[in-house]
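Presented below is the structure to which this report refers.
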Amino acid sequence: MQGHMMPTPLLIAGLLEHAAHWHADTEIVSRPAEGGPLHRYTYARAHARAKQLANALHKMGIQSGDRVGTLAWNTHRHFELYYGVSGLGAVCHTINPRLFFEQLVYIINHAQDRLLFFDLTFLPLVEKLAPHCPKVERWILMTGPEHLPAASSLPNLSAYEPLLAAESADFAWPSFDENTASSLCYTSGTTDEPKGVLYSHRSTLLHSYAASLPDCFNCGARDVILPVVPMFHVNAWGIPYLAPLNGCKLVLPGPGLDAASLFELFEGEGVTFSAGVPTIWFGLLQFMRAGGHRFSTLRKMIVGGASCPPALLRAFDEELGVEIRHAWGMSETSPLGTISTLKAKHLDLAPEAQFFLKIKQGRVIYGVDMKIVDAHGQPLPHDGVAFGDLLVRGPFIASDYFGAAQPGTLLADGWFKTGDVATIDPDGFMNITDRSKDVIKSGGEWISSIDLENLAVAHPAVAEAAVIGVPHPKWSERPLLIVVRKPSHEVSGEELLAFLDGKIAPWWRPDAVEFVDALPHTATGKLLKTQLRKDFAGYELPAGG
Ligand code: AMP
């Protein structure tokens, strides 16, 4: 017997429609990519323009399932594309401009993008890409006609604003199956070809609900959200969707991701909540300390995408009075999988014991189920000690990659293998100890490179640290600590190792320390350990050990 409830499909356009009706005058503020003053309008106006865009896309022949690419910052026009494209039933393909040129060419061709919308910043890049991407029919510069270059090698180049100006805002969002594809995001594989994760309207809506919950982002109509995480990185962790769902004011920082520009927006717009990767927050912390600044409205920050170093959490919490919530996820998980917030029974714990929980990647949000398994796929205990491969499943976890060479092979017994290695404690707090390919296997035991890195960056002279396994005749692998010193700071390898002593098991002590000027990173700011392993191939560890 079926329930007697309306079978209304969960569709993305409905989010903006909701905000336009019920939060009509709530603002979206955006720093335009082409410079100039902040752009300011309301959800009502954004909705009208998204409908004008949908009319324009329809006229250009865009149909359900077609891919429309974007190479763009977090701006109001990018927000309109999120809704105009998906609302029509087409797929909004957000492209990460920080990827290597060959990867960009691969992605645009693999996705078969029919149109490509881009910010002025990326004009030189797009001019180089175009000859390699013959399937793109039109290149659309996301600005007014006054910024169109006098001459350009781009075929079929036009500006965004005239396209919209020519259309009416009279458009009825079509209704269709909620499992229809809505957006596409390629993961920045460090070795293989990038892989496309194809989200659906249903997965996006369920993820938006789950991410809004009190123990997750906990946002409402009194919040002002500034996503520092780019809209080309897993849909800015879902913020462009959950902001209209909750009626939050949205502040989009455009290309201005330096600490001074961010601080100006935080203060000027009354931002209460923000989200981004640790590197951004370290930059902001230095800026705050150097200028003796204080936040007047910022209360909460989500840190994810890479492990949150304890020193960062402590500094924001204790010095700046901002709550950090440490989250874990991946492109394949939409991305939120876990987030660290305490349970009632933890509130009486000593501050250090609470800190120990908050620094973990945290508990699953509803919609995600997880387990850890050993090398034979057998479940491991949730004792906070045993660590193994982390597997997840749920309605907003990928079941396959877009256009996969071997479809249907992604899932093992209905579970997605994350490639992360983790512990889970009896209260369900998950802690990532490594990427499975980065964990250091020493004498049959595993050493967590992330734990060692987090400890090393707590040293006042260390700007950044990476730990890799180096082949060892007796132990098979031993850790090598690679460090970037802070400008005008001195520290020796011996001093660093002494700093680690007592904080780690003796056999975790790195066998050597090397200093470098900079560490290699992926396009999403993660340490590129494949490159480090190449750079240190053949490295001779000191005798002994
Ligand atoms: P991406 O799909 O590019 O977002 O990368 C996902 C990967 O980033 C995960 O599989 C983890 O290895 C890593 N990651 C994300 N968040 C965290 C976190 N809080 N701590 C440690 N690693 C993380």
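Positions are given from 1, in the same order as the sequence printed here. All ligand and atom numbering here is 1-based and tracks the order in the structure.
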State whether the shortest distance between N or O atoms of S307 and N or O atoms of ligand 1 falls below 3.5 angstrom.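 Looking only at distances, the answer is yes, because the N/O contact criterion of under 3.5 Å is met.
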Polar contacts were defined as any N/O atom of the residue lying under 3.5 Å from an N/O atom of the ligand; does this apply to I432 and ligand 1? no
Can a salt bridge be assigned to the pair R393 and D369 using a cut-off of 4.0 Å between side-chain N and carboxylate O? yes
Find all atoms of ligand 1 within a distance of less than 4.0 Å from any non-hydrogen atom belonging to [X], and give their numbers and elements.
X    : answer
H326 : 18 (C), 19 (N), 20 (N)
H233 : 3 (O), 4 (O)
M330 : 2 (O), 4 (O), 6 (C), 10 (O)
A327 : 16 (N), 18 (C), 19 (N)
Q361 : 18 (C), 19 (N), 20 (N), 21 (C)

Only counting residues at least two apart or in another chain, list the ones meeting ring-ring contact (aromatic ring centres under 6.0 Å, His included) with F118. none
State yes or no: are the ring centers of Y366 and Y209 separated by less than 6.0 Å? no
Quick one: which of H110, E193, K195 gives a side chain to side chain donor-acceptor pair (under 3.5 Å) with Y186?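 One option only clears the test, and that one is H110.
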Near K371 NZ, under 6.0 Å, is it more than 12 heavy atoms from other residues, nucleotides or ligands? yes
